[in-house]
Number of protein chains: 2
Amino acid sequence: MTPHNKKIPRMSLERLPIYYRTLCNLADNGYLRIKSAQLGKIIQIEPTTIRRDFSYFGDLGKSGYGYDIAHLIQIFGEILEVNETQGLALIGVGNLGRALLINNFRRNPNLEIISAYDADPHVIGETINKVTIQPLSDLKATIQTQQIKGVISTVPSHAFQEVVDYLVDCGITSILSFAPEPVHVPKNVHVRYLDLTSEVQNLLLLAEISDV
Amino acid sequence: MTPHNKKIPRMSLERLPIYYRTLCNLADNGYLRIKSAQLGKIIQIEPTTIRRDFSYFGDLGKSGYGYDIAHLIQIFGEILEVNETQGLALIGVGNLGRALLINNFRRNPNLEIISAYDADPHVIGETINKVTIQPLSDLKATIQTQQIKGVISTVPSHAFQEVVDYLVDCGITSILSFAPEPVHVPKNVHVRYLDLTSEVQNLLLLAEISDV
DNA sequence: CCATTTTTGTTAATTAAATCACATTTATAG
DNA sequence: CTATAAATGTGATTTAATTAACAAAAATGG
Ligand SMILES: NC(=O)c1ccc[n+]([C@@H]2O[C@H](COP(=O)([O-])OP(=O)(O)OC[C@H]3O[C@@H](n4cnc5c(N)ncnc54)[C@H](O)[C@@H]3O)[C@@H](O)[C@H]2O)c1
Ligand SMILES: NC(=O)c1ccc[n+]([C@@H]2O[C@H](COP(=O)([O-])OP(=O)(O)OC[C@H]3O[C@@H](n4cnc5c(N)ncnc54)[C@H](O)[C@@H]3O)[C@@H](O)[C@H]2O)c1
């Protein structure tokens with residue numbers, strides 16, 4: 001991929017999606033170039049942090065000019081592989097999963113939930129947004145024909161470890177969970193959490209502490 | 001609150017909700033005490049990080065013994081104010097907002113969405129999980145009678161700045177958004193983002209980079 | 001074409017977080 | 001009661017991230 005891969009700081013990679021999205025918005029609004037100071041204003045990141053981040057991906061800017069937005073989009077898009085569809089599977093089509101499936105990353109045409117699974121016989125067979133809900137045991141077969149790059153899980157906490165074990169068994173290595181249950185996985189498997197409760201608690205805690 | 005407030009590292013505070021939840025789970029399962037090493041195994045945090053984190057909140061452990069789970073729950077619960085109901089407002093009751101409202105933090109009895117708002121006349125007046133959806137303009141009045149500690153926004157990106165301006169005008173200072181649109185707010189107002197697309201992109205990127 | 005201004009890219013400095021290493025404390029077993 | 005083992009709490013160190021500072025590069029405007 002990029003010439004110098006391993007040394008890019010984690011935090012710089014974490015910010016890449018934000019940069020990418022913001023630059024796309026700017027391009028959509030007709031902007032052709034941007035300076036680190038302007039971009040910093042928009043996304044509330046120090047210009048110097050932005051410049052350093054960008055520098056990891058090559059010599060992207062010009063002194064006294066700034067950055068060519070289309071060029072940045074091109075480079076960052078390549079890293080994020082936005083030109084290949086990234087097929088995802090959704091496990092657990094309850095209230096939350098349903099919302100995700102109906103939306104199905106419509107603003108991000110390369111991300112796509114291509115199959116969905118649940119344990120409840122009442123929802124299996126139902127079709128939402130062109131995706132028919134299957135029993136989880138079908139996943140292994142699906143993977144034979146369609147590439148699944150990652151899984152989004154909205155199963156309850158108590159089912160999560162069991163689900164993950166099966167996913168690992170299927171060869172899935174990237175999992176995003178809305179349930180905060182910590183699970184054990186092999187070292188090559190990545191689990192991320194989107195922990196709503198913690199986010200809210202931290203939000204309130206921060207307010208509490210800072211405005212006293 | 002805690003005796004020594006301002007100096008607690010951000011990251012230690014960020015982990016507090018995780019500690020709290022995990023300890024509650026352990027207590028529910030009948031455990032009375034825990035060692036930093038055991039806890040570290042469960043939540044995948046270095047024991048030494050845990051001990052340092054805990055130390056910011058007092059002398060909570062005993063050498064050769066570990067930590068008393070009930071005591072930790074007591075201390076952390078106080079900081080997180082779990083014994084007072086934290087009233088929340090939900091703005092935008094679409095697919096995602098609906099899922100949040102139906103669930104309404106049922107696992108966290110002190111967090112509660114007590115009022116919900118939308119712009120769409122078709123959904124205004126509808127009652128979900130005992131909460132009746134109101135026009136957003138009613139928020140200012142609601143705040144007179146019920147304390148709203150924070151807001152969860154699931155309005156689309158294009159509406160977010162406008163909504164935030166109104167929230168700020170109402171005196172709201174804590175906002176959690178599912179739309180990644182960066183907004184400008186006064187310094188005393190905190191906005192957090194729960195950015196699903198970035199999470200997925202980073203998840204896939206991490207896999208890409210680490211298993212090559 | 002030159003002087004001035006702007007803005008990058010990066011070295012150096014700073015700040016923050018994580019981890020190491022161990023002295024100290026307490027529990028426990030004999 | 002003493003010796004041993006276990007586990008904490010924290011200075012010291014290391015690692016990572018951010019920010020400052022500025023030289024070099026490119027643009028712009030006489
Ligand atoms: N909705 C929220 O507001 C919210 C907030 C915080 C966290 N969460 C987390 O997200 C999870 C899902 O939330 P929800 O509101 O959609 O709950 P839900 O109960 O509506 O949906 C859960 C779905 O998972 C399915 N499921 C259960 N076990 C399964 C298994 N072994 N394999 C496959 N599918 C299985 C169920 O049949 C159900 O359809 C919650 O349990 C919670 O951990 C949700
Ligand atoms: N659902 C997903 O999978 C998903 C994924 C990533 C991000 N998001 C973000 O979350 C947002 C909501 O997702 P959704 O699926 O619930 O969309 P949705 O369209 O179903 O719901 C949006 C709701 O917001 C309401 N609304 C619009 N403008 C408003 C205003 N000014 N004041 C009050 N209410 C207003 C709409 O009437 C609607 O009910 C998305 O726009 C997106 O930014 C959603």
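Residue numbering restarts at 1 for every chain, and letters A, B, ... go by the order of the sequence lines.
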What is the distance, rounded to the nearest whole Å, between atom [atom1] of [X] and atom [atom2] of [N]?
X     : N      : atom1 : atom2 : value
A/I8  : D/dT15 : CD1   : C1'   : 18 Å
B/D59 : D/dA7  : CG    : P     : 18 Å
A/L60 : D/dA26 : CG    : P     : 14 Å
B/Y56 : D/dT10 : OH    : C1'   : 10 Å
A/M11 : C/dA16 : CE    : P     : 15 Å
B/I50 : C/dA18 : CD1   : P     : 12 Å
B/K7  : C/dT15 : NZ    : P     : 17 Å
B/E14 : C/dA16 : CD    : P     : 15 Å

Run the side chain to side chain contact (heavy atoms under 4.5 Å, CB included) test against B/S157 and tell me which residues pass, sequence neighbours left out.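 By the side chain to side chain contact (heavy atoms under 4.5 Å, CB included) rule, B/S157 matches A/R107, B/A179, B/P180, B/E181.
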
Partner residues of B/N103 under the side chain to side chain contact (heavy atoms under 4.5 Å, CB included) criterion, sequence neighbours left out: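 B/N103 satisfies side chain to side chain contact (heavy atoms under 4.5 Å, CB included) with B/R106 once adjacent residues are dropped.
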
With sequence neighbours left out, write down each residue that passes ring pair (Phe, Tyr, Trp, His ring centres under 6.0 Å) with B/Y67, or none if nothing qualifies.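 By the ring pair (Phe, Tyr, Trp, His ring centres under 6.0 Å) rule, B/Y67 matches B/F54.
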
Show your working on side chain to side chain contact (heavy atoms under 4.5 Å, CB included) between B/L139 and B/L167 and close with a plain yes or no. CA-CA 8 Å; B/L139 176 61; B/L167 295 176; 3.4 Å; yes

Without placing hydrogens or testing angles, list every side-chain donor-acceptor pair under 3.5 Å for residues 16-24 of chain A, not counting sequence neighbours.
unit_1 : atom_1 : unit_2 : atom_2 : d
A/Y19  : OH     : A/D53  : OD2    : 2.5
A/R21  : NH2    : B/D195 : OD1    : 3.2
A/R21  : NH2    : B/D195 : OD2    : 2.3
A/R21  : NH2    : B/S198 : OG     : 3.2
A/T22  : OG1    : A/I18  : O      : 2.7

Taking the axis from the first five pairs and the axis from the last five, what angle separates them in the helix from C/dC1-D/dG30 to C/dG30-D/dC1, rounded to 10 degrees?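 End axes: 20° apart.
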
With heavy-atom distances below 4.5 Å as the criterion, would you say the side chains of A/S210 and B/H190 are in contact?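 A side-chain contact exists here, since the closest heavy-atom pair is under 4.5 Å.
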
Under 4.0 Å between a side-chain N/O of [X] and OP1 or OP2 of [N], yes or no?
X     : N      : value
A/Y67 : D/dA26 : no
A/R15 : D/dT18 : yes
A/R51 : C/dG9  : no
B/T49 : C/dT19 : yes

Test side-chain hydrogen bond (donor to acceptor under 3.5 Å, both in side chains) applied to [X] - qualifying residues, sequence neighbours left out:
X      : value
B/D169 : B/K140
B/E199 : A/R192
B/N129 : none
A/N83  : none

Below 3.5 Å is the cut-off: list the nitrogen or oxygen pairs between protein and nucleotides 12-14 of chain D, distance only.
unit_1 : atom_1 : unit_2 : atom_2 : d
D/dA12 : N6     : B/R52  : NH2    : 3.4

Does any N or O in the side chain of A/S36 come within less than 3.5 Å of the main-chain N or O of A/I50, such that one atom is a donor and the other an acceptor?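 Side chain of A/S36 to backbone of A/I50, a donor-acceptor pair under 3.5 Å: no, none is there.
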
Please enumerate all protein N or O atoms sitting under 3.5 Å from an N or O of nucleotides 25-27 of chain C, with distances to 0.1 Å.
unit_1 : atom_1 : unit_2 : atom_2 : d
C/dT25 : O2     : B/S63  : OG     : 3.2

From B/I34 CD1 over to B/I42 CD1, what is the distance, rounded to the nearest 0.5 angstrom?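 These two atoms lie 4.5 Å from each other.
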
Quick one: label B/F54 by what it contacts on the DNA or RNA (base, sugar-phosphate, nothing), any heavy atom closer than 4.0 Å.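 It contacts nothing in the nucleic acid.
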
Under 4.0 Å, heavy atom to any atom of DNA chain C: which of residues 34-48 of chain A qualify?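 The stretch gives A/K35, A/S36, A/T48 as the residues lying under 4.0 Å from the strand, ordered by number.
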
Classify the side-chain pair A/S137/A/Y166 by whether it contains a donor and acceptor separated by less than 3.5 Å.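 Looking only at side-chain atoms, A/Y166 and A/S137 do not form any donor-acceptor pair under 3.5 Å.
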
Minimum heavy-atom separation for A/D165 and A/H184, please, with both atom names.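 Smallest heavy-atom distance, with atoms named: OD1-O, 4.3 Å.
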
